[in-house]
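Take a look at this one; I'll ask things after.
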Amino acid sequence: PDDTRQLYAYVRKTGAITIPHQIGEAGNAWLDNDPLIEPVVEIFQGCRTSYEYEGAPRSDSRLKPKFAYTPEGFLWRAWQKGYRLGVIASSDHQSTHISYANVYAPEASREAILEAIRRRHTFGSTDDIVLDFHAPAHMQGDEFSADPAPPFSIRVHATAPIKELAIIKNYQFVFTTQSRTASLALEWRDAAPARGTSLYYVRVVQ
């Protein structure tokens with residue numbers, strides 16, 4: 001019953017990190033999380049499906065599940081529990097070139113890449129897409145305090161016209177736009193900031 005905690009104890013000794021995998025399947029209910037060694041999660045797997053939230057694009061269906069459907073394990077459930085998790089995508093064993101773990105690191109070394117993952121300077125994609133989402137002096141994955149609300153800058157370089165760019169704040173879609181081209185750049189500021197902690201992320205559909 002405490003197998004995850006045993007894994008965490010071992011990982012702490014080795015200086016490694018863990019990345020939860022196939023989170024919307026096989027009975028996961030987010031019983032444990034150690035933010036120091038488990039900073040990011042697999043939001044999409046090319047061999048299977050999306051684990052963003054129930055009903056998200058490319059997610060499994062409750063009515064006709066293809067896999068061991070466990071909505072308690074979806075990413076929004078973890079965030080709602082207060083877990084600080086960034087995201088990646090990955091391929092598992094049977095898919096290639098349709099799921100990417102994108103990492104913003106200052107250099108292409110093992111140490112720099114692992115440190116960037118620990119800082120959640122990551123995003124997941126299903127194509128050769130570049131997404132830059134940042135506030136002044138802070139980039140995607142950072143946690144910080146600000147008053148007033150900071151401007152967010154977003155740049156996307158996709159491989160097809162952008163059908164929808166959405167900003168999600170605390171599980172609500174607060175802004176959407178689109179582009180007839182594969183690139184888009186904009187600045188956005190929250191007009192209704194709330195005291196306390198808010199989670200923002202960007203999702204692009206092309």
Side-chain angles (χ1 to χ4, degrees), residues 17 19-20 33-44 50-53 56-57 74-89 100-109 111-159 162-179 181-206:
I17 57 174
I19 299 177
N33 172 257
D34 185 330
L36 296 179
I37 60 173
E38 194 171 83
V40 303
V41 64
E42 180 186 77
I43 192 173
F44 175 85
S50 167
Y51 306 117
E52 186 181 3
Y53 61 88
F74 278 71
L75 179 56
W76 278 20
R77 302 291 184 96
W79 282 339
Q80 287 166 342
K81 286 186 130 183
Y83 295 169
R84 266 59 165 177
L85 291 163
V87 300
I88 62 158
Y100 297 84
N102 303 277
V103 182
Y104 280 111
E107 63 182 35
S109 69
E111 293 77 16
I113 292 169
L114 285 170
E115 180 59 25
I117 293 172
R118 289 188 180 99
R119 297 177 70 180
R120 304 186 298 256
H121 292 171
T122 64
F123 67 98
S125 66
T126 60
D127 208 333
D128 189 13
I129 295 170
V130 177
L131 172 64
D132 174 28
F133 175 38
H134 67 270
H138 297 282
M139 67 180 301
Q140 53 205 42
D142 286 350
E143 183 174 350
F144 61 94
S145 298
D147 185 16
F152 289 121
S153 295
I154 302 166
R155 291 184 299 161
V156 182
H157 296 287
T159 62
I162 296 169
K163 182 179 179 181
E164 180 188 71
L165 182 149
I167 299 175
I168 297 97
K169 171 191 175 184
N170 296 340
Y171 328 111
Q172 300 290 325
F173 286 72
V174 294
F175 175 83
T176 60
T177 189
Q178 59 184 9
S179 173
T181 71
S183 295
L184 183 60
L186 61 96
E187 187 170 284
W188 180 84
R189 189 190 298 266
D190 190 348
R195 291 191 177 275
T197 301
S198 290
L199 180 150
Y200 300 85
Y201 73 99
V202 173
R203 188 181 74 194
V204 177
V205 178
Q206 66 174 20

* Using the test ring-ring contact (aromatic ring centres under 6.0 Å, His included), find all partners of Y200 that sit at least two apart in sequence or belong to another chain. =>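 Y200 satisfies ring-ring contact (aromatic ring centres under 6.0 Å, His included) with F152 once adjacent residues are dropped.
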* Asked: Do S109 and E107 have a side chain donor and acceptor closer than 3.5 Å?
  ->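 A donor-acceptor contact under 3.5 Å links the two side chains.
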* **Side-chain (E38) to main-chain (P20) donor-acceptor, under 3.5 angstrom** =>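 Here the side-chain-to-backbone pair does not exist.
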* To do: First locate atom OG of S125, then atom CZ of R203, and finally report the distance between them rounded to the nearest 0.5 Å.
  =>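 Going from OG on S125 over to CZ on R203, the span is 14.5 Å.
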* **Y100 side-chain N/O to I129 backbone N/O, donor-acceptor pair under 3.5 Å** =>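 No, the answer is negative, given that no donor and acceptor are paired below the 3.5 Å cut-off.
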* Would you please classify the geometry between the F173 ring and the W76 ring as parallel, tilted or perpendicular, with 30° and 60° separating the classes? =>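 Judged by the thresholds at 30° and 60°, the geometry between W76 and F173 is tilted.
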* To do: Compare every heavy atom of W79 with every heavy atom of L85, then report the nearest pair and how far apart it is.
  =>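 That closest heavy-atom pairing would be O-NE1, 3.0 Å.
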* To do: Please determine, by modelled atom types, if T181 and S179 share a side-chain donor-acceptor pair under 3.5 angstrom.
  =>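 Their side chains do contain a donor-acceptor pair, which is all the 3.5 Å distance test asks for.
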* Heavy atoms, side chains only, cut-off 4.5 Å: are H138 and P150 in contact? ->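 Side chain of H138 against side chain of P150, heavy atoms only: no contact under 4.5 Å found.
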* Asked: Does a side-chain heavy-atom distance below 4.5 Å link L75 with Y51?
  ->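 Side-chain contact under 4.5 Å: no.
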* Indicate the atoms forming the closest heavy-atom contact of A185 with R155, along with that distance. =>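 For A185 versus R155, the nearest heavy atoms are CB-CG, 4.0 Å.
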* List the atom of E143, the atom of R84, and the distance in Å for their closest heavy-atom pair. =>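 Closest approach of E143 to R84, heavy atoms only: OE2-NH2, 3.0 Å.
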* Taking atom CH2 of W188 and atom OG1 of T177, what is their separation to the nearest 0.5 Å? ->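 Between atom CH2 of W188 and atom OG1 of T177 there are 13.0 Å.
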* Asked: What is the minimum heavy-atom distance between Y104 and A116, and which atoms define it?
  ->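 Nearest pair, atom of Y104 first, then A116: O-CB, 3.2 Å.
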* **Close side-chain approach of Y83 and V41, heavy atoms under 4.5 Å** =>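 They are not in contact (no side-chain heavy atoms under 4.5 Å apart), so the answer is no.
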* So, for S50 and P57, which heavy atoms are closest and what is the spacing to 0.1 Å? ->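 Scanning both residues, the minimum pair turns out to be CB-O, 3.4 Å.
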* Asked: Who passes salt bridge (Lys or Arg N to Asp or Glu O under 4.0 Å) against K169, sequence neighbours left out?
  ->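 Testing K169 for salt bridge (Lys or Arg N to Asp or Glu O under 4.0 Å), a comparison that skips the adjacent residues, returns D190.
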* To do: Could you tell me the separation between the CG atom of L36 and the CD1 atom of I17, rounded to the nearest 0.5 Å?
  =>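 It is 12.0 Å, given to the nearest 0.5 Å.
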* Give a yes or no answer on whether the side chain of N102 reaches the backbone of F123 with a donor-acceptor pair at less than 3.5 Å. =>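 Yes, because the side chain of N102 sits within donor-acceptor range (under 3.5 Å) of the backbone of F123.
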* **Pairs touching residues 112-122 that satisfy side chain to side chain donor-acceptor pair (under 3.5 Å), sequence neighbours left out** =>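 Of all non-adjacent pairs touching residues 112-122, those that pass side chain to side chain donor-acceptor pair (under 3.5 Å) are H121-D142.
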* Determine whether L186 and L165 make a side-chain contact, defined as any pair of heavy atoms from C-beta on separated by less than 4.5 Å. =>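 Yes. Closest side-chain heavy atoms under 4.5 Å.
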* **Rounded distance [0.5 Å steps], CD in Q178 versus CD1 in I162** =>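 Going from CD on Q178 over to CD1 on I162, the span is 10.0 Å.
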* To do: Among L184, L131, D132, find the one that has a side chain to side chain contact (heavy atoms under 4.5 Å, CB included) with I154.
  =>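 The side chain to side chain contact (heavy atoms under 4.5 Å, CB included) with I154 is passed solely by L131 among L184, L131, D132.
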* Heavy-atom pair with the smallest gap, counting every atom of A101 and I88 ->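 Minimum heavy-atom contact is CB-CB, 3.8 Å.
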* Should we count NZ of K81 as having more than 12 external heavy atoms under 6.0 Å? ->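 Yes, the 6.0 Å shell around NZ holds more than 12 heavy atoms from other groups.
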